Amino acid sequence: MAARRAKLDRLRTELGVEPFGHRVDGITPLDRARAAFDEAAHLAYEEAAKAAKADPSVTIDDRRPAVTVAGRVVQHRDMGKLVFMWLRDHSGDLQVSVSKANVPEGAFKVASMADYGDLLSVTGRVGRTNRGETCVWADGVTMQCKSLEPPPGKWHGLSDDETRYRRRYVDMYANPDTVRTFQLRSRIVSAIRRFMESRGYQEVETPMMQAMAGGAAARPFVTHHNTLDMQLFMRIAPELYLKRLLVGGLPKVFEINRNFRNEGVDRSHNPEFTAMEAYEAFGDYMTMLEMVESLVHAVACEVAGVPQGGPVALPFGDLVIDYAKPFRRVRYEELFQKAFGFAMEDEARVRATAKDLHVEGAATKDLWLVVNELFEERAEALLDPSKPTFVLDYPSAISPLTRPSRARPVIAERWDLFIAGMEIGPAYTELNDPDIQLAKFTEQLKGADEEESTFRSLDEDFITALRVGMPPAGGMGMGIDRLVMLLSNSQSIRDVILFPLMRAE
RNA sequence: GCCUCGGUAGCUCAGCUGGUAGAGCAGCUGACUCUUAAUCAGCGGGUCCAAGGUUCGAAUCCUUGCCGAGGCACCA
């Protein structure tokens, strides 16, 4: 805005002030400055100031805490010879009061010329106004950065989603809740890491650019390496590399990192998203169940600020989610039976029902694909969204990386965790028989359509790794963004990703 | 990719069956040493998302496109 440019020039030419500052040491966050208020010192100062007014020879012993604070101006009220401003930083808001009598003339001009959005540093004493507002009574005011862009409204703020996502930096200063959400996200990810490390898992990093995009069934993003003249895919999952580490001898590994899937965008999908995967040698899917249940519970307790192990519930939209252990468990086939009134292996009734529900390929597609469509259509809806629930024992046919049950090979040792209707993540007893794995991959490739076959290929090195020998293992995956959504009561994944993907402007 | 809704001042929004664009806040000038969305006096501010069409006349109606939101599809 032209007016801001003009003020910038006035600061430089009239006041000799450089509007883009430099290093400031010893800044007190605004919440701490507020907390530093000392009632006794404040009252003593008020008394002394009154006395000094009557008798100028009296010197004031000012014991109010001295602070340096810094922040963005979010309110500015100019009373002529007294200027009140609200500063905002990552910790909160605090009023700064600037009396013309108590600061150098240039500093007072800076204060009275300040605009919404400017960054100031202020030195002064923590006190209170006549109206009871805790504030910093300034003895110095310095312009640290003149904001040259028009700010969002001070009253209605910024609510346009497009601007919030495209200009997150404005969203963050205009909407303190946004900052709180991302502070919470950092705490959650940190708590997850601490939990995993406390259980002896080692964090690793595996390739994000892969010659073959394996470990899941999503469409990948394609890229190219120039000097090697080589097509690469952004990874859709780290699974096949983490398993190689089990082959190599690491017993317990995890990775928290981005996956990239070239699919649609909606409230719970962003093309790049953060996932954790973990693998434990000589474990199985029930090892993972205990671990994930404890992890989600522990993080929920931390977010809610309640003791570990006890009852804990957090709001999510209209729901209150109960994160107390144990989570519910239900077997896939039992849920199917409950939803449809017949067994999932009753092919005739499965296909007939699928036809009634207009499932594509009801008569011709593989039975288990039809079963799973019915399951997703009707059975998942039976889960109580406010109770985290493990759905156990998926059909083997739709679980290509999972070890079939010894007792009943048609069932795979796999579960999925559902919370609030969202799939948070699966876990498997990992398939470590190279011959069966090869057969499953080959089978899967046969079923690939033309588009799929352009990016799907057989990862022979992974089969080689299995032939070298991977210990029996449990493995899990978890969508970190979705977990953060749940724990921060955010209804859209865009509200927990700092810079969600947007179309180019 | 499909369907629905939306895009008007810096922000939040109003603008009826078509008649030439408004409010509040923000901004600018001035006053004010205790404000809390400060107050008071005065002043400026628009590619009505874009292009095309219908019409004497379009922010408004039609078509197409762009961007966003929600839903559907896709996402083992």
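Here the structure is a predicted model, which is why all the values come from computation and not from measurement. So that the names make sense, note that chain A is the first sequence line, chain B the second, and so on, each numbered from 1.
Between A:Arg494 and A:Asn270, the side chains place no donor N or O within less than 3.5 Å of an acceptor N or O (distance only, hydrogens not considered). Donor-acceptor pairing under 3.5 Å is lacking for the side chains of A:Thr178 and A:Asn175. If you check the side chains of A:Arg482 and A:His269, you find a donor sitting under 3.5 Å from an acceptor. Checking A:Glu255 against A:Thr206 by side-chain atom types alone, a donor-acceptor pair falls below 3.5 Å.
Between the C1' atoms of B:C34 and B:G7, the separation comes to 43 Å (whole Å). Taking atom P in both B:A51 and B:A59, the straight-line distance is 12 Å, to the nearest Å. Between B:C48 and B:A31, the two C1' atoms lie 37 Å apart (nearest whole Å). Distance noted for atom C1' between B:U60 and B:U20: 12 Å (whole Å). Between the P atoms of B:A50 and B:A58, the separation comes to 15 Å (whole Å). The P atoms of B:C62 and B:U54 are separated by 15 Å, rounded to the nearest whole Å. Comparing the same atom, P, in B:C40 and in B:A26 gives a spacing of 11 Å after rounding to whole Å. On the C1' atoms, B:G27 is 15 Å away from B:G46, given to the nearest whole Å.
Rounded to a whole Å, the CG atom of A:Asp160 is 13 Å from the P atom of B:C49. For A:Asp118 and B:A26, the CG to C1' distance is 14 Å, given to the nearest whole Å. Atom-to-atom, CD of A:Glu360 to C1' of B:C74 comes out at 12 Å; the value is rounded to the nearest Å. One interatomic measurement links the two molecules: CG of A:Asn175 to P of B:U12, which rounds to 10 Å at whole-angstrom precision. Distance, A:Tyr116 OH to B:C25 C1': 11 Å, rounded to whole Å. Atom NE2 in A:His269 sits about 14 Å away from atom C1' in B:G71, given to the nearest Å. Here the C1' atom of nucleotide B:C5 and the CG atom of A:Asp161 are 14 Å apart, to the nearest Å. Here the P atom of nucleotide B:C28 and the CZ atom of A:Arg5 are 15 Å apart, to the nearest Å.
Here the side chain of A:Lys100 is nearest to one of B:A76, B:C74, B:U33, namely B:U33. Comparing atom distances between the A:Arg261 side chain and each of B:U12, B:C25, B:C75 picks out B:C75 as nearest. The listed nucleotides are B:C28, B:G70, B:A76; the one nearest the side chain of A:Ser492 is B:G70. Closest to the side chain of A:Asn372, from the set B:U33, B:A76, B:C11, is B:A76. Ranking B:A76, B:C32, B:U33 by closeness to the A:Asp78 side chain, first place goes to B:C32. Here the nucleotide nearest the side chain of A:Met502, chosen from B:G68, B:A37, B:C74, is B:G68.
Of the residues in residues 85-98 of chain A, those lying under 4.0 Å from RNA chain B by heavy-atom distance are A:Trp86, A:Gln95.
Looking at heavy-atom distances under 4.0 Å, A:Asp266 makes contact with a base. Heavy atoms of A:Trp368 sit nowhere under 4.0 angstrom from any nucleic acid atom. When heavy atoms are screened at a 4.0 angstrom cut-off, A:Ala174 is found touching no nucleic acid atom at all. Among the protein residues, A:Asn262 comes within range of no part of the nucleic acid, since none of its heavy atoms lies under 4.0 Å from any strand. Residue A:Arg414 is classed as a sugar-phosphate contact, given heavy-atom separations below 4.0 Å to backbone atoms only. Counting any heavy atom pair closer than 4.0 Å across all strands shown, A:Ala397 reaches no nucleic acid atom. Contact annotation for A:Arg166: backbone-only contact, meaning every heavy-atom pair under 4.0 Å involves sugar-phosphate atoms and none involves a base. In this structure, A:Tyr394 reaches neither bases nor backbone, as no heavy-atom distance under 4.0 Å exists between it and the strands shown. Residue contacts for A:Lys440: at a heavy-atom cut-off of 4.0 Å it reaches no nucleic acid atom on any strand shown.
Applying salt bridge (Lys or Arg N to Asp or Glu O under 4.0 Å) to A:Glu430 and the options A:Arg403, A:Arg244, A:Lys243 leaves one that passes, A:Lys243.
Base pairing annotation: B:C2 forms a Watson-Crick or G-U wobble pair with B:G71, both donor-acceptor distances under 3.5 Å. Applying the Watson-Crick and G-U wobble criteria (two distances, each under 3.5 Å), B:A23 pairs with B:U12. If you check B:G30 for Watson-Crick or wobble pairing at under 3.5 angstrom, you find it paired to B:C40. In this entry B:C61 has B:G53 as its Watson-Crick or G-U wobble partner, both defining distances falling under 3.5 Å.
Counting atom types as modelled, A:Ser159 pairs no side-chain N or O with a base atom of B:U12 as donor and acceptor under 3.5 Å. With hydrogens and angles left out, the side chain of A:His156 and the base of B:C25 share no donor-acceptor pair within 3.5 Å. Between the side chain of A:Gln75 and the base of B:A37, no donor-acceptor pair of N or O atoms lies under 3.5 Å.
Each of A:Pro400 and A:Gly157 was assigned the nucleotide of RNA chain B with the nearest heavy atom; the assignment lying further toward the 5' end belongs to A:Gly157. Each of A:Phe84 and A:Gly215 has a nearest nucleotide on RNA chain B; the 5'-most of these lies closest to A:Phe84.
Taking the charged nitrogens against the carboxylate oxygens, A:Asp9 and A:Lys7 have no contact shorter than 4.0 Å, which rules out a salt bridge. Using a cutoff of 4.0 Å between basic side-chain nitrogens and carboxylate oxygens, A:Arg128 and A:Glu39 are scored as salt-bridged. Salt-bridge annotation for A:Asp171 and A:Arg168: present, with a side-chain N of the basic residue lying under 4.0 Å from a carboxylate O of the acidic one.
A heavy-atom distance below 4.5 Å is found between the side chains of A:Phe316 and A:Gln491.
Separation of atoms CG (A:Leu240) and CZ (A:Arg235) is listed at 11.0 Å; rounding is to 0.5 Å.
Relative ring orientation between A:Tyr116 and A:Tyr173 is described as perpendicular, the plane-to-plane angle rising above 60° on a 0-90° scale split at 30° and 60°.
At the phosphate of B:A69, neither OP1 nor OP2 sits under 4.0 Å from any side-chain N or O atom of A:Arg267. OP1 or OP2 of B:G68 sits under 4.0 Å from a side-chain N or O of A:Arg503. Taking only side-chain nitrogens and oxygens, A:Arg494 comes nearer than 4.0 Å to OP1 or OP2 of B:A69.
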